Number of protein chains: 2
Amino acid sequence: MPTIEDVARHAGLSRTTVSRVINDQPYVCDEKRQRVVGAMRDLGYVPNSSARRLRSQKTETIAILLPRITNPFFSHMIEAMEKKASEWGYQVIICQTHYSSQKELDYLELIRTKQVDGMIMTSVHNEWSAIEEYLPSGPIVLCNENIEEANTSIIYIDQQEAAYDATTHLIEQGCQKLAFLSGGMDSSISLSRRRGFMKAVQKHNVSFVEHEDFNQAVDVESGRGIFQSIQQEDSDIDGIFTGSDEVAAGIIYEAMNKGISIPDDLAIVGFDNQTISKLMNPSITTIEQPVVEMAEKCVEILIQQIEQRGRHKREDYIFPHTLKKRSSTAKPMAIPM
Amino acid sequence: MPTIEDVARHAGLSRTTVSRVINDQPYVCDEKRQRVVGAMRDLGYVPNSSARRLRSQKTETIAILLPRITNPFFSHMIEAMEKKASEWGYQVIICQTHYSSQKELDYLELIRTKQVDGMIMTSVHNEWSAIEEYLPSGPIVLCNENIEEANTSIIYIDQQEAAYDATTHLIEQGCQKLAFLSGGMDSSISLSRRRGFMKAVQKHNVSFVEHEDFNQAVDVESGRGIFQSIQQEDSDIDGIFTGSDEVAAGIIYEAMNKGISIPDDLAIVGFDNQTISKLMNPSITTIEQPVVEMAEKCVEILIQQIEQRGRHKREDYIFPHTLKKRSSTAKPMAIPM
DNA sequence: TTGTAAGCGTTATCAC
DNA sequence: GTGATAACGCTTACAA
């Protein structure tokens, strides 16, 4: 591997001049510039990026923390983030926490050890106070979760309002007894959605059922399991807010197998407007988030913070959501309210 | 940010000794080891990884090239790769080529500029001769595509055999006129599958239809489009090999809308055994690949090559595939053969 | 406009 | 056991 020194010697010039050419700086006359370019080509020179990083204290790399990339919501988000980052000349390191707070901390070390210039967290599994410790090492921007105490910029949709809209829709369709599913008791997202659900339920004075495993609804399998337990123990539930298209798909799949009619016997709302929500039969009513726009905004903000240096105060970017009404809630004799 | 020098001063020792402690080397007495550890803690020291990279000529990072991460086949593959790499202490950079040969070359530069120690390519959009140029810079392992000329290790399933099995299954179910869909004329995967399809068709002397846009079948939308064109121009086709569960889902979706019965009027085979193939109604007959095992093997081989240095000769790792028979091909009056 | 030289933070070599 | 010292390959004051 030739170094800048080799190029300089080959061109009969100094390292400085070569460096200037590499970095497109002025103060090199055309003739020498050509000589350098020629020498680089002759030797097949490429700048060593480790050396550049050490010298310039920049990595042009960002880390994205997420639970699992196979969740389509996150894979769409990452797709857009990587694309945007790449346009700005940044690399993306992917960090799957698999819902572990320890792995989250391990990955946060990347910013302390200067392996990345900045970080995006799409989920948060530690107390904010623990994450805050890393802020002095470089910018961290949140995308998706809205942590109240967080003193850094955040991108999200109004989860409470979204859940309220979805729940109200179920009620408008004539549901009398609801269930609220979520992917965990502790996440900021689940908490907000629960608030929205409760607000709608209380406003319209509709009853609802709670159950331990309603808070473990994360994928198709858990959706299937929950349907079975509902059928055995709470078969009078006639409307479910799932918080996930995959969970909704699992429930619908199992319901069809058992001959339960969706939406007549049971109406269901998903979340995220994933491909599957359109393809299922019946198709799934769901909440759409502008993932791509959120992802792009997030990368822009992060890179801007990286390039400006210094500490940045919190700014909230709240994106709009949309209720996509489809067959899984289209009760024939819905009562207009 | 404290440096090793600061720690050394704080502990009243030399950089060397501190370095020995950091790297768990012998020849440091217990007392001084403790002093160093204490100093590191006091100062909140973390080793600077850019400096380490420069010094050791290693990045502990690998790049994974893929078309788009939103394709579930690839997101499952990446999930497993990242997990495995992380177990070995390696970072993963994600590189989406979006099917562009130029972007592929851009990302290959990562290995020349020593930003990564090695590389996994899950798709190939350049001539092998172009990619070969990068081999001297570091190991590149292929996972998924089987390039004949490639002089590097490869992991794949026998695509020809898989397509042959799927096509034979369609024929066994009584299909008389088939169609072969693929995601592009030029990829090694499409070519192998086409060979397998042709082999089955010729062996059983069944007819088939060719059409320009049958080679542009990449996602749900193109599946829908192709169904429409088939219905207009080739409505006597009664069996389709799609090469993709998403395309199959698109066709089924559209067929249901148009009142065409699957599999009675039209049987369909997908590929990859994605979540959606089980959930669609009718469920999709498909070919399963052991993605996770392939991904893990691939990372192991790559890391092994990285840590052994030197040039490695090609080895082929061929994984088994399985035909998952489901409703989309379950013709009631199938003729056993 | 060009070159000299001093680091960036580590680790490896060698002498003590 | 321990500690100077010289790289690793690059950028950037500062001098010329």
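Fair warning: this is a prediction, and the values are worked out from it, not measured in the lab. In what follows, chains are A, B, ... by sequence order, proteins preceding strands, each numbered from 1.
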Nearest-angstrom distance from the residue atom [atom1] of [X] to [atom2] of [N]:
X: B:Asp30; N: D:dG1; atom1: CG; atom2: P; result: 10 Å
X: B:Arg35; N: D:dT2; atom1: CZ; atom2: P; result: 9 Å
X: B:Leu54; N: C:dT11; atom1: CG; atom2: C1'; result: 10 Å
X: A:Ile4; N: C:dT2; atom1: CD1; atom2: P; result: 15 Å
X: A:Gln115; N: C:dG9; atom1: CD; atom2: P; result: 16 Å
X: A:Glu5; N: D:dA7; atom1: CD; atom2: C1'; result: 13 Å
X: B:Tyr27; N: C:dC16; atom1: OH; atom2: P; result: 19 Å
X: B:Asp24; N: C:dT11; atom1: CG; atom2: P; result: 12 Å

Here's a test for you: under side-chain contact (heavy atoms from CB on, under 4.5 Å), which of B:Val7, B:Thr3, B:Asn23 qualifies with B:Val18?
B:Val7
Could you check whether [X] gets within reach of a base, just the sugar-phosphate, or nothing at all, counting any heavy atom under 4.0 Å?
X: B:Arg53; value: nothing
X: B:Thr16; value: base
X: A:Ser56; value: nothing
X: A:Pro26; value: nothing
X: A:Val18; value: nothing
X: B:Glu31; value: nothing

Report yes if at least one side-chain N or O of [X] is closer than 4.0 Å to OP1 or OP2 of [N]; otherwise report no.
X: A:Tyr45; N: D:dC10; value: yes
X: A:Asn48; N: D:dC8; value: no
X: B:Gln57; N: C:dT11; value: no
X: B:Arg52; N: C:dT11; value: yes
X: B:Ser14; N: D:dT2; value: no
X: A:Lys32; N: C:dT2; value: yes
X: A:Ser19; N: D:dT11; value: yes

May I ask you to verify whether the side chain of B:Arg33 and the base of D:dG1 hold a donor-acceptor pair under 3.5 Å?
no
Shortest non-hydrogen pair, A:Thr61 vs A:Tyr90, comes out as N-CD2, 3.7 Å
Among the nucleotides [options], which one has an atom lying closest to any side-chain atom of [X]?
X: A:Thr17; options: D:dG1, D:dC8, C:dG3; answer: C:dG3
X: A:Arg20; options: C:dT10, D:dG1, C:dT2; answer: C:dT2
X: A:Arg15; options: D:dC10, D:dG1, D:dT12; answer: D:dC10

Could you walk me through whether B:Glu315 and B:Tyr317 pass the side chain to side chain donor-acceptor pair (under 3.5 Å) test, one step at a time?
CA-CA 7 Å; B:Glu315 287 191 54; B:Tyr317 300 85; 3.3 Å; yes
Would you say the side-chain atoms of A:Asn126 pair up with the backbone N or O of A:Ser101, donor to acceptor, closer than 3.5 Å?
yes
Can you tell me if A:Thr122 uses its side chain to pair, donor with acceptor, with the backbone of A:Leu65 under 3.5 Å?
yes
Pairwise distance CG(A:Asp272) to CG(A:Asn71) - rounded to 0.5 angstrom
7.0 Å
Between A:Ile22 and B:Arg55, who's closer to the 5' end of DNA chain D by nearest nucleotide?
B:Arg55
